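Written out below as structure tokens is the structure these notes cover.
Every value quoted in this text rests on a predicted model; they were computed, and no experiment measured them.
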Amino acid sequence: MPLARPADARQVAAYGFSGFNALIGHRVAYWRPGFVEMHLKVRQELCNANGLLHGGVLMTLLDGASGLACTFNETATVRRLSVTLAFTTQFIKAAREHDDLRILGAWRPSASQSTFACETEIYDQQGDLIATGMGTFRYLKGERNDGTLTFAE
């Protein structure tokens with residue numbers, strides 16, 4: 001069953017990515033605990049020699065959506081630290097320069113206090129499925145305050 005934005009997801013006005021993720025150029029559009037929706041306008045420098053969006057960018061988007069869906073607290077002011085343990089990606093359809101992508105990530109409940117799983121999907125502007133991902137992640141001790149979600153009014 002395709003992922004869908006929950007009714008209680010809040011529109012995000014701003015979130016500043018850091019490090020490698022800042023280079024990709026995606027933005028957070030909606031968030032609630034356990035869910036994120038991000039958007040990306042595909043640029044030429046993100047494409048491979050064939051003019052298709054590089055698979056590594058798709059994997060970065062899938063992995064990043066997982067972390068954002070699962071690591072903010074209820075007030076979205078700080079993030080828990082986490083690392084990826086395993087990630088499986090399925091490439092379904094190619095994306096190209098100028099495509100508008102929608103990236104959805106949703107946490108899957110777990111009995112564990114230290115690990116979590118997340119499912120992610122990427123769609124193009126026609127609603128066609130581009131890629132899917134499923135990962136297992138571990139929470140680390142501590143929090144980071146370098147990323148704060150600012151919600152739209």
Report the residue from Thr84, Thr89, Thr120 that forms a side chain to side chain donor-acceptor pair (under 3.5 Å) with Asp63.
-> Thr84
The residue among Leu129, Ile130, Asp128 that forms side-chain contact (heavy atoms from CB on, under 4.5 Å) with Ile92 is Leu129
Same cluster or not: are Trp31 and Leu104 linked, directly or through other Ile, Leu, Val, Met, Phe, Trp or Tyr residues, by side-chain heavy atoms under 4.5 angstrom apart?
-> no
Distance in Å, Met134 CE paired with Cys118 SG, rounded so as to fall on 0.5 Å steps = 8.0 Å
Least distance between heavy atoms, Ala94 atom then Arg96 atom = CB-NH1, 3.8 Å
After noting the C-alpha distance and the side-chain angles of Leu68 and Arg79, does the key distance pass the side chain to side chain contact (heavy atoms under 4.5 Å, CB included) rule?
-> CA-CA 8 Å; Leu68 282 170; Arg79 290 182 65 186; 3.9 Å; yes
Shared ILVMFWY cluster between Val36 and Tyr30, side chains joined below 4.5 angstrom?
-> no
Using a cut-off of 6.0 Å, state whether more than 12 heavy atoms not belonging to Gln113 lie near its atom CD.
-> no
In Å and rounded to the nearest 0.5 Å, what is the CG to CD distance from Leu149 to Gln11?
-> 12.5 Å
Value rounded to 0.5 Å, distance of CG in Leu61 from CD in Glu121 | 14.0 Å
Exercise: identify the closest heavy-atom pair between Ala65 and Ile103 = CB-CG2, 3.7 Å
Step through it carefully: locate the ring centre of Phe17, locate the ring centre of Tyr15, and say whether they are under 6.0 Å apart.
-> yes
Could you tell me whether a side-chain N or O of Thr136 sits under 3.5 Å from a main-chain N or O of Leu85, the two making a donor and an acceptor?
-> no
Closest heavy-atom pair, Ala29 versus His39, reported as atoms and distance to 0.1 Å, is CB-CE1, 3.6 Å
Please step through side chain to side chain contact (heavy atoms under 4.5 Å, CB included) for the pair Leu53 and Leu101, ending with a clear verdict.
-> CA-CA 11 Å; Leu53 181 61; Leu101 301 183; 3.5 Å; yes
Grab the two heavy atoms, one from Thr88 and one from Gln90, that are nearest each other, plus how far apart they are.
-> CG2-NE2, 3.7 Å
Does any N or O in the side chain of Arg43 come within less than 3.5 Å of the main-chain N or O of Ile24, such that one atom is a donor and the other an acceptor?
-> yes
Residue pair Cys70 / Tyr139, side-chain heavy-atom distance below 4.5 Å | yes
Single-linkage hydrophobic cluster Val57~Phe20, side-chain heavy atoms < 4.5 angstrom = yes
Criterion side chain to side chain contact (heavy atoms under 4.5 Å, CB included) on Ser66 and Phe137, from CA distance to verdict = CA-CA 9 Å; Ser66 299; Phe137 306 83; 3.3 Å; yes
Rounded distance (nearest 0.5 Å) linking atom CZ of Phe151 with atom CZ of Arg32 = 11.5 Å
Can you name the nearest heavy-atom pair linking Leu3 to Ala106, along with the distance?
-> CD2-CB, 3.8 Å
Determine, step by step, whether Asp8 and Phe35 satisfy the side chain to side chain contact (heavy atoms under 4.5 Å, CB included) criterion, reporting the C-alpha distance in whole Å, the side-chain angles of both residues, the deciding distance to 0.1 Å, and the verdict.
-> CA-CA 10 Å; Asp8 62 343; Phe35 174 84; over 6 Å; no
Report yes if the side chains of Glu37 and Val12 come closer than 4.5 Å at any heavy-atom pair, otherwise no.
-> no
Are Leu62 and Tyr123 connected, step by step, through hydrophobic side chains (Ile, Leu, Val, Met, Phe, Trp, Tyr) whose heavy atoms are closer than 4.5 Å?
-> no
Without swapping roles, check the side chain of Asn48 against the backbone of Asn50 for a donor-acceptor pair under 3.5 Å.
-> yes
Please confirm whether the backbone N or O of His98 pairs with a side-chain atom of Lys41, one donor and one acceptor, at under 3.5 Å?
-> yes
CG/Asp99 to CD/Gln125 distance, rounded to the nearest 0.5 angstrom?
-> 4.5 Å
Between the NZ atom in Lys93 and the CD1 atom in Ile122, the distance rounded to the nearest 0.5 Å is 13.0 Å
